[in-house]
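Beneath this line is the structure, given in structure tokens, with notes to follow.
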Amino acid sequence: MWQPKDFQHKVIEYYRKHGRKHLPWQGTKDAYRIWLSEIMLQQTQVSTVIPYYENFLQRFPTIVDLAKASEDEVMHLWSGLGYYSRARNLHKAAKKVADEFNGDFPKTQEEIEALPGVGRSTAGAVAAFAFDQSTAILDGNVKRVLARCYGIEGWAGKASVLNSLWQRAEANTPDTHTAQYNQAMMDLGAVVCTRTKPKCDTCPLSDKCYALKHDMISALPGKKPKKARPKRAVYWLVCLQNDQVVLHKRPPSGIWGGLWCFPEIEQSQSEPEHQQKLDSFLHKFSHYDLEVQPLLVKNIADTGIMEPNQIDTFALNEIAEIGLPTPVSKLLQTLAEN
DNA sequence: GAGCCGTGGGA
DNA sequence: TTCCCAAGGCT
């Protein structure tokens, strides 16, 4: 079993030799940029984030610029990245920093974690990367490395397992060089200790790895127990008038909160009067499947499903700077082409 | 504690 | 094709 001092030494040495040092959010101590990257990277892979990160920073160079923006514009720049509550919380947090901290990003882990959308791990990452504090992180990469190295069994969604992982993460976090250590732990998980086919022959921790020794690499970390995914079927009402399209802004909570979509009704309701059925398609979420049947309708008011104040119209060939979920964006594109 | 919240890519 | 899940947090 690795002792913390030896573990830290091996990990930091790995960083010096093989760590990632040229990602767009590295090489800066700007807490705003580091925080932005950490939020975008939640449950999202590096290669997906990079173009969004660059684009976002170009439009909002400082947190005060972000605080002053409209929610629609923030959602627009987030469109396609998913988990849209992250964007709404990001905007709220920016306003909080502008108002309560005079635009100066808070520096203690407690204050950082009090920002909406920032949990324990993200706060630890920002405090370590931006302010060189000795704060632990526990993302999916670190969980995998620790679970395998120390033989921590069970699914991390269970509180007892999560507590064990945090305990080990805290115990192993060094007092100094914490930014390098944290970066190296994520690099190890992302590059070496991968979910399948880990590269144990190049791993600095393989000497004393519990999973390698006990042939439990595929069993660790423990997997989430799976359940059947329900299917939901809806109509999307596509109403085109003079190159304008009718969209509906969804309520702030729930799926695609704050984004603009076609007016939607359950297929279990009666089928609305329509001119034409467009091609149906299936959109898969993590926890259910959405079967979408778009219907071309003459006039939304005729269907009687939407209050007029819940809808607005946009130019079809030049959609305004608003947030659109991916399948809506794709459908709009095919409509504009025809 | 358990469910919710997007999307894209790998195996 | 189908399953899994990735720099998690909120309710």
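Proteins get letters first, then strands, A, B, ... in listed order; numbering begins at 1 in each.
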Between [M] and [N] - [atom1] atom distance, rounded Å:
N	M	atom1	result
dG1(B)	dT11(C)	C1'	12 Å
dG9(C)	dG8(B)	P	23 Å
dG6(B)	dC5(C)	C1'	12 Å
dC4(C)	dG3(B)	P	16 Å
dC5(B)	dA6(C)	C1'	14 Å

Reckon [X] touches a base, only the sugar-phosphate, or nothing at all at heavy-atom distances under 4.0 Å?
X	result
S253(A)	nothing
G254(A)	sugar-phosphate
L23(A)	base
K284(A)	base
G80(A)	sugar-phosphate
W155(A)	nothing
S121(A)	sugar-phosphate
V49(A)	nothing

Distance, rounded to the nearest Å, where [X] contributes [atom1] and [N] contributes [atom2]:
X	N	atom1	atom2	answer
N89(A)	dC5(B)	CG	P	14 Å
Y52(A)	dT7(B)	OH	P	9 Å
M40(A)	dT7(B)	CE	C1'	14 Å
F285(A)	dT7(B)	CZ	P	6 Å
R88(A)	dC4(B)	CZ	C1'	12 Å
R86(A)	dT7(B)	CZ	P	11 Å

Kindly indicate whether the side chain of Y15(A), heavy atoms from C-beta on, has any atom under 4.5 Å from the side chain of P204(A). no
Between R250(A) and W260(A), is NZ or CZ placed under 6.0 angstrom from the six-membered ring centre and within 45° of the ring axis? no
H283(A) vs W256(A) aromatic rings, parallel, tilted or perpendicular, using cut-offs 30° and 60°? tilted
When the ring planes of W25(A) and Y53(A) are compared, do they come out parallel, tilted or perpendicular, using 30° and 60° as the limits? perpendicular
Taking only heavy atoms on the protein side, list every residue of residues 320-337 of chain A lying under 4.0 Å from any atom of DNA chain B, sorted numerically. P325(A), T326(A), P327(A)
Tell me which residues in residues 124-154 of chain A lie within less than 4.0 Å of DNA chain B, going by non-hydrogen atoms. none
Let me know which of F7(A), W2(A), Y210(A) forms a ring-ring contact (aromatic ring centres under 6.0 Å, His included) with Y150(A). F7(A)
Do any N or O atoms from the side chain of R86(A) and from the backbone of L81(A) form a donor-acceptor pair under 3.5 angstrom? yes
Test item: R20(A) side-chain N/O and Q183(A) main-chain N/O as donor-acceptor pair under 3.5 Å: no
Are the aromatic ring centres of F105(A) and W35(A) under 6.0 angstrom apart? yes
So which atom in H274(A) and which in L296(A) form the shortest heavy-atom distance, rounded to 0.1 Å? CB-O, 3.3 Å
First and last nt of DNA chain C near chain A, cut-off under 4.0 Å to heavy atoms, 5' to 3', are dC4(C) to dC10(C)
